[in-house]
2 protein chains.
Amino acid sequence: MSVTIYDIAKQAGVGVGTVSRVLNNHPNVSVKTRERVLKVAHDLNYQPHAFAQGLARNKTNTIAAIIPFFTNYFFLEVLQGIQDKILTLGYDIMLYGLNENDPEQFESHLLRSTQKGRADGVMLFSLRLPDDFAEKYKHVNHPIVLVDCFHQDFDSITVDNKAGAYAATKHLISLGHERIGMINANPISPPAQHRFEGYKAALIENGLPFDEKLYKSSKIMKYDGFSREAGYVSMIAMLDLPMDERPTAIFVSSDVQAMGALSAMRDHNLKAPDDIAIVGYDDIELAQHIGLTTIGQPMYEMGVLSVGRMLDRLTNRNGSVTHTSFTPKLIIRETCGYRKTEAVSVTNHQV
Amino acid sequence: MSVTIYDIAKQAGVGVGTVSRVLNNHPNVSVKTRERVLKVAHDLNYQPHAFAQGLARNKTNTIAAIIPFFTNYFFLEVLQGIQDKILTLGYDIMLYGLNENDPEQFESHLLRSTQKGRADGVMLFSLRLPDDFAEKYKHVNHPIVLVDCFHQDFDSITVDNKAGAYAATKHLISLGHERIGMINANPISPPAQHRFEGYKAALIENGLPFDEKLYKSSKIMKYDGFSREAGYVSMIAMLDLPMDERPTAIFVSSDVQAMGALSAMRDHNLKAPDDIAIVGYDDIELAQHIGLTTIGQPMYEMGVLSVGRMLDRLTNRNGSVTHTSFTPKLIIRETCGYRKTEAVSVTNHQV
DNA sequence: ATAATTATTGGAAGCACTTCCAATAAAGTA
DNA sequence: TACTTTATTGGAAGTGCTTCCAATAATTAT
């Protein structure tokens, strides 16, 4: 139906082998025939058939990405990095979005994307991996790289949540606060755990006590407690404390939660930073709009790097597993009171 | 290397034709052989090779989506609709993101996605189409469906921008405002044009004059003026008017611009709705957080429907072109002053 | 029981490529 | 000039599937 290398071969008076060779820039074809073939191919407006190529080469030139939709802004930025990088390499992206943390859908996506001849490799994003994950997929024929999640046995690109939380808390400390609370998401989430660790470490290492009463974690399952609602109820709980026991500053484990916390404060006629200083986490688009001091993550870069890691893995299947961790950075805006000279850069701190 | 239908055929003592027939649920194969083959396939953990199938069937079972990244939340929601629908149909999504409105990248994406054997069809999102688009792609072998953009010659799913703008303006009118301004994006954008038309129509049809001085459009090219900055400068310009000529309410052509406008007001110590009422457009996530009254679009539904349209087109290539338009709806929050009884539903209005 | 249908089945051909091998042509060497 | 060596070249085989056609087996009708 459409033009194939056979058409080109006939028209140019050569064999299909030769056509294939010039189209793939193989050596050992005389310049005259090469030019002739190229001209015919161009005249006929030839386009290779992707699937036929894939079949013959046993290579799809596409990589699959499984991403939870709710990661939202993170998702978008990382994806952009991935795509910009991947285009330069001639690969395509097969997208598998995940609604909520639906294990069944995850399974089906994973199965599909690791199916023979569909993609060369799979990237998993921000996923809490099932217990049997490693055992099940370790020996699958597809490279798997983890982005923003971790497992010892797979290549991963992560961001150091502990360091980020440490930086956020340290910032509050350096601003002179001594009663620093934390509003955390649901501790079943690994990032939530790590952010808590960073918070606690910053307190201890700077001679401040860790006070149970100033720490509120969420039991909400939806989005693992990384939601506006979760932030709201945690803050309400926090404000239940007697006036003089309240924290003067709070590190909130995500910007959306911070949004909720802020509106709880508003409902109590409290303002940030005047009444309570707030640091968020994530630097979502919103944060900029409302002047939220927060922790930013190099999402675009992570995307770019993760493609690089995937390609490495594709060309060297037996290389040893690597783990790369990015350091997030503090972004100072208005919700803590802006005191430039006292800003702390996380890069000075090694966890 | 991996298990093929030949392995199954051998093991089950039948021919490959038979294997293929049972795997594809073709009739005319005895139940005993069918069961035998199925068992062997299961025991061998057989997976069909996607590319080989595609090649033989001349069908990829994937559809390509070209989406500008900056559409952000819209992008995400529509995509979710698409994917939920498409999964039930056994298709995959190939994603081509667009950075800004880069015509060159658009061209290359389109070329790639319409390449033989890569995808069965292409969906284009929120794109200002180049002039030579129709001429160039009308007779390409791939179905193309347009989402949130329009061209006479291609199937499209859009949302009625004029109706949305009308509803927004009408809401302001019904609240008693008489000096209603509009802050628009760059008029080169079709949605910007239509939103302007809706604004103007609402004014005229309700006996209010259209006043040039109360209308500010943007000349900014980035994001076609749908940006926070654009909103900010437009509002500043608006506030340059003498006190008594200022509008008492403003319809802003997008929520991000509204964010900018709101912060310009804040810089002038003005508040919404007390000093000036504001309606936005888009209902981005942010809008909910800041209580912005705005116009919401059924993004998820659009995604679902667009897949449906694509499938129709795939099964009937010569059917006539269809255009579907969704009616957006007014979402009343706080930036106009909340007066429930006077809320106007756009569904009562036919453009 | 025999002929005529109808239901299964095997396997070749085709899908559009790549790659390898043998064959031919060109160039180099003595 | 005759013999190697090297550079091109054509085309068969292979990639893993579907589908069509002819052949065989099972049913039904006579």
Pairs involving residues 20-41 of chain A, ordered by first then second residue, that meet salt bridge (charged side-chain N to carboxylate O under 4.0 Å, His left out) (sequence neighbours left out): K39(A)-D43(A)
Side chains of T114(A) and H142(A): any donor to acceptor distance under 3.5 Å? no
Which pairs, with at least one residue in residues 82-97 of chain A and sequence neighbours excluded, count as a side chain to side chain donor-acceptor pair (under 3.5 Å)? K59(A)-Y91(A), Q83(A)-H109(B), D84(A)-Y300(A), D84(A)-N99(B), D92(A)-Y96(B), D92(A)-R112(B), D92(A)-R118(B), Y96(A)-D92(B)
Identify, with sequence neighbours excluded, every residue that meets side-chain contact (heavy atoms from CB on, under 4.5 Å) alongside F326(B). I157(B), V159(B), P298(B), E301(B), M302(B), L305(B)
Between R57(B) and K32(B), which is nearer to the 5' end of DNA chain D once each is assigned its nearest nucleotide? R57(B)
What is the distance from CG of D7(A) to P of dC15(C), rounded to the nearest Å? 11 Å
Evaluate the criterion side-chain contact (heavy atoms from CB on, under 4.5 Å) for residue pair M310(B) and D155(B); output intermediate values, then yes/no. CA-CA 8 Å; M310(B) 173 59 83; D155(B) 288 311; over 6 Å; no
Could you state the atom-to-atom distance from CD1 of I5(A) to P of dC15(C) in whole Å? 13 Å
Sorted by chain and residue number, the side chain to side chain donor-acceptor pair (under 3.5 Å) partners of K136(B) (sequence neighbours excluded) come out as E107(B)
Donor-acceptor pairs under 3.5 Å, side chain of residues 143-150 of chain B to any protein atom, not counting sequence neighbours: which ones?
unit_1: D148(B); atom_1: OD2; unit_2: S126(B); atom_2: OG; d: 2.7

May I have the distance from N24(A) (atom CG) to dA16(C) (atom P), rounded to whole angstrom? 17 Å
I need the full list of ring pair (Phe, Tyr, Trp, His ring centres under 6.0 Å) pairs touching residues 13-55 of chain B, with sequence neighbours left out, sorted by first then second residue. F51(A)-F51(B)
Once you build an axis from the first five pairs and another from the last five of the helix from dA1(C)-dT30(D) to dA30(C)-dT1(D), how far apart in angle are they, to 10 degrees? 40°
Report, as a single string ordered 5' to 3', how protein heavy atoms within less than 4.0 Å touch nucleotides 4-13 of chain C: B base, S sugar-phosphate only, - not at all. ----BBBB--
Considering residues at least two apart in sequence or located in another chain, which fulfil the side chain to side chain donor-acceptor pair (under 3.5 Å) criterion with T60(A)? D120(A)
Rounded to whole Å, please give me the gap between CG in N58(B) and C1' in dC17(C). 14 Å
Specify the separation, in whole Å, of atom CD1 of I8(A) and atom P of dT18(C). 10 Å
Of residues 39-56 of chain B, the positions that come close to DNA chain C - non-hydrogen atoms, cut-off under 4.0 Å: L55(B), A56(B)
Using the salt bridge (Lys or Arg N to Asp or Glu O under 4.0 Å) criterion, which residues pair with D312(B)? Sequence neighbours excluded. R309(B)
S108(A): partners by side chain to side chain donor-acceptor pair (under 3.5 Å), with sequence neighbours left out: none
Closest approach to the side chain of S20(B), judged atom by atom: which nucleotide of dC17(C), dT19(D), dC17(D) is it? dT19(D)
